[in-house]
Amino acid sequence: MARILITSALPYINGIKHLGNLVGSQLPSDVFARYCRARGDEVMYICATDEHGTPAEIAAAKAGKPVAQYCAEMHEVQADLARGFRLSFDYFGRSSSARNRAITQHLAGRLADNGLIEEVSEKQVYSRADGRFLPDRYIEGTCPNCGYDSARGDQCENCTKQLDPTDLIDPRSAISGSTDLEVRETRHLFLRQSKMRDRLNAWIDQKSDWPILTTSIARKWLNDGDGLQDRGITRDLDWGVPVKRGDRDWPGMEGKVFYVWFDAPIEYIGATAEWADANGLDDSAWERWWRTDKGAEDVRYVQFMGKDNVPFHTLSFPATIMGSNEPWKLVDYIKSFNYLNYDGGQFSTSKGRGVFMDQALDILPSDYWRWWLLSHVPENSDSEFTWENFQASINKDLADVLGNFVSRVTKFCRARFGEAVPEGGGYGPAEAAVIAEISRRVAAYEGHMAAIEIRKATAELRAIWVVGNEYLQTAAPWAVFKSDPEAAGAIVRFALNLIRLYAVLSEPFIPDASATILSALHLQSAEWPDDVEAALSTLPAGHAFDVPEVLFAKITDDARTEMQARFAGTQTAKA
RNA sequence: GGGCCUGUAGCUCAAUUGGUCAGAGCAGAGCGCUCAUAACGCUUUGGUUGGGGGUUCGAGUCCCUCCGGGCCUACCA
């Protein structure tokens, strides 16, 4: 039994996430967590909302609410949606928690003690009307290069030229539109990542089994140009973790907060501490996951994230951990994902393009989304959601291959033998062949899950479902029944056991359907089939069951067309 | 501009890291079955692996080049 710590990248607080966000981190991490638990591993699966930063303040202002209240409400909204998608977090925390605040301040203090923090004075644009400093991309103006009038301070969207905010002609605040801007001097703390470069490089070099997407991004940052740059870790904002050096004040940093990307990954630790608090446990309960001097020596730590998160998880967060010179657990494996596109373009919040988590659950049960998203998860390159593909996958894989198998077996049994597992003869060569094939396929499935190759795992799982239909077709209990009801009974008994096996194997991907099947079979729980042959003799003759309702309803052409139109957004995908 | 990823059948993806006739699912065609959500099974048609050149006994895989798609480029998170 292994101990596995799993974290999903934190969803940002300022709104409901779309399916692309879901599939890029939370969903695959959930499958992995469920699988590890099913195999008997001790799992700690952590996620949280990432609540600090300028976008949260602006979203709160737009909603007319204090930012703390806004975040509290949005956290509940996101927690609800996570439950709706059956995300099985052991704890869903908040980066604004007291726990995270304390750990963040502690680590910053340690970094300072170790000479890895530097104070830098720099000039930034301040908006008097907004009463805040503006990050580069919150400044708009006319591009000096191409004349585009909505160029951002970091880059012109029109001509793609990199800009400095002071380059812009007639600059204005993107928040209020105010042109009452000035350049002010401000002091900030920088994490001296450049001093950590060799250590980080050596660490990344060990990770030959990581996805190339992960290591190539890390190497680029480590080696590009002058190499890894120091990074500002404080901001002039109200909402965030107040800058402190451990539990002491930090002279000169009054009124400032840590940069959201400094405190967000630390919340993986913070949320685990929140979990301990919520369960009335003491610090040792969470420290045994995070401190190698307090029991985390044997923990395997796996992170899931979209590719945009990789630099922070391969560089700045490890730099924070390593630089503390304290025995914190470092990540062992980083699984990163590409993006999911929507029907010929990108998901777009502003244009209302694509399907968002709340809408998805309004339309169809979570298992449908889970299955499609996971069987198309963008592991190797960006992938694309289309309604045609979605409809085909759901109808074929879930309704026809799995759902119909459950239906045909249970209904046939009810009609000929009643709602209980039939008596009858033993298993013969046909069953032995199925056992052999499924054993082989389960081993392959386990291999893919262990390697976190989600797509391959879904393909193997589907192939295991197909074996049931092949078996039934060949065994033909409906024909055998006419001359030899006992033999037909054995076939049905075997098929009912296959259904139970499928429920167990499928649970990481489609937990609701799995639960529905087990409940129809009058089973409370189900062990992982370490021995397939034994697993297929689990349901004894005479065991009562119910014929379940239709597991997966098909998506009709009309419904598909209607949804397609509804989520197309305000602009067409292609010009 | 620089860096990285990517291009395989009509569609979505594989291919044990250079090694038999490039494989699956869906869609298409034919046959079978009738227990089942008009479901299932069997058979089968589709590929000059984006183009061109090179290395090699052997290239989807390595190198060069051209074309297309995507991402990142450090103060959005």
Side-chain angles (χ1 to χ4, degrees), chain A residues 9-14 50 52-56 58 122 124-125 133-139 152-155 160-162 164-165 174 188 193 211-213 215-217 219-221 223-225 228-232 235-236 259-261 264 306-312 315-316 338-339 341 346 375-376 378-384 386 388-389 391-393 395-416 455-456 458-459 462-463 466 468-481 488 491-492 495 547 549-554:
Chain A
L10 310 186
Y12 196 66
I13 194 71
N14 70 339
D50 176 15
H52 296 138
T54 309
I58 292 169
E122 53 183 9
Q124 287 188 355
V125 174
F133 283 93
L134 297 176
D136 287 357
R137 72 169 51 193
Y138 283 101
I139 304 161
R152 290 187 322 212
D154 55 343
Q155 186 178 40
T160 73
K161 188 179 167 62
Q162 303 274 325
D164 188 274
H188 282 294
Q193 299 185 132
I212 187 148
L213 181 65
T215 49
S216 64
I217 292 172
R219 282 187 220 282
K220 158 79 168 154
W221 281 57
N223 301 319
D224 191 41
L228 188 60
Q229 300 298 297
D230 295 342
R231 192 168 186 113
R235 293 289 184 275
D236 291 294
Y259 175 42
V260 56
W261 259 117
K307 56 185 168 186
D308 51 331
N309 278 293
V310 168
F312 303 99
L315 303 168
S316 45
N338 289 282
Y339 291 143
N341 292 317
Q346 295 188 327
S375 57
H376 295 80
E379 276 174 320
N380 297 318
S381 62
D382 291 355
S383 65
E384 174 155 315
T386 66
E388 288 84 356
N389 192 306
Q391 178 194 27
S393 292
N395 289 356
K396 203 66 209 174
D397 299 349
L398 293 184
D400 292 347
V401 175
L402 177 61
N404 182 55
F405 178 71
V406 173
S407 182
R408 68 194 293 204
V409 171
T410 53
K411 287 183 179 171
F412 179 76
C413 184
R414 180 173 62 186
R416 296 291 191 282
R455 270 196 198 225
K456 288 179 181 172
T458 60
R462 185 190 190 280
V466 166
N469 282 312
E470 288 170 353
Y471 167 73
L472 216 56
Q473 190 67 29
T474 313
W478 49 89
V480 172
F481 183 81
I491 295 168
V492 171
V547 172
E549 297 296 306
V550 166
L551 277 180
F552 302 101
K554 291 203 185 192

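To find a chain, count down the sequence lines: A is the first, B the second, and so on, and within it residues start at 1.
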Trainee: Sequence neighbours excluded, which residues qualify as ring-ring contact (aromatic ring centres under 6.0 Å, His included) partners of A:Phe412?
Mentor: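 Applying ring-ring contact (aromatic ring centres under 6.0 Å, His included) to A:Phe412 gives none.
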Trainee: Is the phosphate of B:C5 approached by A:Lys220 (side-chain N or O, under 4.0 Å from OP1 or OP2)?
Mentor: no
Trainee: Which value, in whole Å, describes the distance between the C1' atoms of nucleotides B:G60 and B:A14?
Mentor: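 After rounding to an integer number of Å, I get 12 Å for this pair.
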Trainee: For a 4.5 angstrom cut-off between non-hydrogen side-chain atoms, does A:Arg462 reach A:Val466?
Mentor: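 Yes, close enough: below the 4.5 Å cut-off.
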Trainee: Distance between the C1' atoms of B:G7 and B:G52, in whole angstroms?
Mentor: 16 Å
Trainee: Taking the C1' atom of each, how far is B:G46 from B:G23, in whole Å?
Mentor: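 Comparing C1' positions in B:G46 and B:G23 gives a spacing of 13 Å.
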Trainee: Output yes when at least one side-chain N/O atom of A:Tyr259 is less than 4.0 Å from OP1 or OP2 of B:A77, else no.
Mentor: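 Answer is yes, contact under 4.0 Å.
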Trainee: Applying a 3.5 angstrom cut-off to the pairing atoms, does RNA chain B sit in any stems of at least three consecutive Watson-Crick or G-U pairs? List them by first number.
Mentor: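 Correct response: B:1-7 with B:67-73, B:10-13 with B:23-26, B:28-32 with B:40-44, B:50-54 with B:62-66.
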Trainee: Measure from NZ on A:Lys396 to P on B:C26 and round the result to the nearest Å.
Mentor: 6 Å
Trainee: If you measure from the C1' atom in B:G69 to the same atom in B:G50, how many Å do you get, rounded?
Mentor: 11 Å
Trainee: Quantified in whole Å, what is the P atom distance between nucleotide B:G25 and nucleotide B:C63?
Mentor: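 The answer is 33 Å between these two P atoms.
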Trainee: Considering only nitrogen or oxygen atoms on both sides, find all protein atoms under 3.5 Å from nucleotides 12-17 of chain B and state each distance.
Mentor:
residue, atom, partner, partner atom, Å
B:C13, O5', A:Arg455, NH1, 3.1
B:A14, OP1, A:Asn380, ND2, 2.4
B:A15, OP1, A:Lys456, NZ, 3.0

Trainee: Looking at A:Arg408, does any N or O in its side chain come under 4.0 Å of the phosphate oxygens OP1/OP2 on B:C35?
Mentor: no
Trainee: If I pick the P atom on B:U12 and the same atom on B:A27, what distance separates them, to the nearest angstrom?
Mentor: 15 Å
Trainee: Rounding to an integer number of Å, can you tell me how far A:Leu472 CG sits from B:G41 P?
Mentor: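 It is 10 Å, rounded to the nearest whole Å.
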